[in-house]
Number of protein chains: 2
Amino acid sequence: MISQTEENYLKALWNIISNKGEASVNELSKQLEIKMPTVNSMMKRLAEKGLVIYESYKPLKLTDKGKKQAALIIRKHRLTEMYLVEKMGFGWEEVHDIAEQIEHIQSPAFFEKMDELLGFPKVDPHGSPIPDKTGKIEAEQYIRYIKLSDCREGDTVTFMAVSHSSDDLLKFLNSRELSLGSKIKVRSIEPFDDSMTVSYGGRKAEMLSNKVCDKLLVRPA
Amino acid sequence: MISQTEENYLKALWNIISNKGEASVNELSKQLEIKMPTVNSMMKRLAEKGLVIYESYKPLKLTDKGKKQAALIIRKHRLTEMYLVEKMGFGWEEVHDIAEQIEHIQSPAFFEKMDELLGFPKVDPHGSPIPDKTGKIEAEQYIRYIKLSDCREGDTVTFMAVSHSSDDLLKFLNSRELSLGSKIKVRSIEPFDDSMTVSYGGRKAEMLSNKVCDKLLVRPA
DNA sequence: GTAATATGTTAGATTGGTCTAACAAAATTA
DNA sequence: TAATTTTGTTAGACCAATCTAACATATTAC
């Protein structure tokens with residue numbers, strides 16, 4: 001009923017909308033690396049199917065049905081990432097591309113089983129919340145996370161999630177032994193470039209650029 | 001480079017050829033439930049790509065390259081089935097449809113990991129051999145299996161594999177607690193319909209129709 | 001050995017998903 | 001506000017994968 005291609009558009013839309021509040025044909029086009037006219041006609045198709053609200057020159061929206069569909073794909077993606085890390089021993093930087101494919105598998109039983117074997121996890125290996133079977137996200141605490149880059153000297157926080165993690169960022173964090181759950185203390189902030197010197201775990205004084213700090217979501221103590 | 005659709009044609013061809021020795025457009029068409037003209041043009045495409053040998057009105061063949069490709073897809077399918085049964089707790093009758101989808105995942109690391117976690121199995125949950133990474137099958141013993149239906153009264157054999165298992169057959173075997181590795185003794189054969197009365201495990205006298213016995217591959221004692 | 005049937009092929013249409021080129025509207029800048 | 005740039009839309013082409021209808025060749029039956 002809904003093709004893999006359509007699923008990819010829905011997911012991208014959902015991602016853009018949850019970050020920026022609304023989506024444009026242009027952004028979707030860039031994110032998917034698909035030319036605008038193609039995106040445009042796909043939006044009309046998804047509107048026909050009742051998944052997207054499309055009006056010429058207006059921002060794109062998802063219908064409730066579209067939101068649910070998208071969330072269920074995200075659910076499959078994040079459950080898969082968790083499974084790959086927890087049950088198969090992959091690193092958190094290795095799982096995205098595999099999950100990107102497995103998220104399209106049509107088999108409720110398969111994902112039920114994963115969920116069960118994982119003990120019904122609430123977050124994926126990068127700390128992002130996993131939508132439930134109805135497409136809802138229990139994100140009470142998640143939405144209260146703040147960026148490390150918004151913290152001040154002397155703050156002590158817990159590293160809870162990575163936002164929009166790229167493989168390179170994750171590999172960088174691996175190399176610094178900085179993982180979810182670490183208690184981070186902000187030692188100092190360099191006024192010139194906003195880089196931070198922090199301590200955590202065994203590390204006394206690690207320097208993190210502002211670009212890195214901007215991606216790390218933390219919970220204040 | 002090679003699409004999922006093309007993979008499905010290759011796999012079906014491989015299956016038909018390994019059973020019957022050669023394949024026709026008609027058989028492929030029936031097996032895939034795709035009309036003959038479509039199959040015909042796909043054969044030409046796969047011939048262009050050097051995977052199939054196609055000559056008008058001649059039986060279809062796979063090139064060495066085609067055989068290897070097909071075997072690697074079969075490998076992914078059978079490894080997946082084994083993983084689903086051994087590591088996720090699915091029944092052998094539940095795994096075919098899921099494996100049918102996962103076999104198309106493009107990620108050598110994913111299947112390497114499965115293989116490793118399974119301890120490099122040689123057969124799938126139905127007893128079919130798993131091709132190795134180069135597409136070869138170590139089938140020394142497998143090819144010497146015989147059908148239970150070819151056994152005689154008094155023979156004692158070991159149940160090694162199910163050929164062309166349908167879900168219904170597997171469920172039937174489940175219901176009789178007949179599983180791979182069982183030692184089966186042929187008590188009697190009914191001349192009228194060739195049905196067999198056998199004993200194995202805790203079962204003293206189970207009646208198996210000729211249709212069932214024809215699907216059970218066994219190793220003579 | 002011809003007729004009938006089964007199998008295989010060609011031609012042409014359709015749909016999904018993509019593109020480029022050209023044009024239109026909105027937003028930004030001067 | 002007018003000009004320029006960015007964004008969005010329309011039109012039309014292309015390829016993969018499917019189909020039906022019509023025709024061609026093989027095989028089987030009589």
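Both backbone and side-chain heavy atoms feed into the values below; hydrogens, waters and symmetry mates do not. Reminder, nothing fancy here: chain letters follow the sequence lines and each chain counts from 1.
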Inset, instruction - Inspect the surroundings of NZ in A:Lys113 and state if more than 12 heavy atoms from other residues, nucleotides or ligands are less than 6.0 Å away. - result: yes

Inset, instruction - Using a cut-off of strictly less than 4.0 Å, decide whether B:Tyr54 has a side-chain nitrogen or oxygen near OP1 or OP2 of C:dT9. - result: yes

Legend entry - B:Gln4 CD to C:dG16 P, straight-line distance once rounded to whole Å: 18 Å

Legend entry - Short side-chain N/O contact from A:Asn40 to OP1 or OP2 of D:dT9, under 4.0 Å: yes

Inset, instruction - Using the six-membered ring wherever Trp is involved, compare the ring planes of B:His126 and B:Trp92 and label them parallel, tilted or perpendicular (cut-offs 30° and 60°). - result: parallel

Inset, instruction - For B:Met43 and C:dT9, give me the distance from atom CE to atom P, rounded to whole Å. - result: 11 Å

Legend entry - Nearest-Å distance for atom pair NZ/P, residues A:Lys35 and D:dT10: 20 Å

Inset, instruction - With the side chain of A:Thr38 defined as its heavy atoms from C-beta on, choose the nearest nucleotide among C:dC19, D:dT9, D:dT18. - result: C:dC19

Inset, instruction - Let me know the distance between CD of B:Glu55 and P of C:dG8, rounded to the nearest Å. - result: 14 Å

Inset, instruction - Would you tell me if any nitrogen or oxygen in the side chain of B:Ser56 comes within less than 4.0 Å of OP1 or OP2 on C:dT9? - result: yes

Legend entry - Spacing between A:Leu28 atom CG and C:dT18 atom C1', to the nearest angstrom: 15 Å

Legend entry - Sidechain N-carboxylate O distance under 4.0 Å for B:Lys211, B:Asp214: no

Legend entry - B:Ile34 CD1 - D:dT20 P separation (whole Å): 12 Å

Legend entry - Residue A:Pro37, side-chain atoms from C-beta onward, closest of D:dA21, D:dT10, C:dG8: D:dT10

Inset, instruction - For the pair A:Glu103 and A:Arg78, find out whether any cationic side-chain nitrogen is under 4.0 Å from an anionic carboxylate oxygen. - result: no

Legend entry - Salt bridge flag under 4.0 Å for residues A:Glu6 and A:Lys11: no

Legend entry - Listed nucleotide nearest any side-chain atom of A:Val25, set D:dT9, D:dT7, C:dT9: D:dT9

Inset, instruction - Round to the nearest Å and state the distance from A:Glu48 atom CD to C:dT15 atom P. - result: 14 Å

Inset, instruction - Round to the nearest Å and state the distance from A:Tyr57 atom OH to C:dA27 atom P. - result: 11 Å

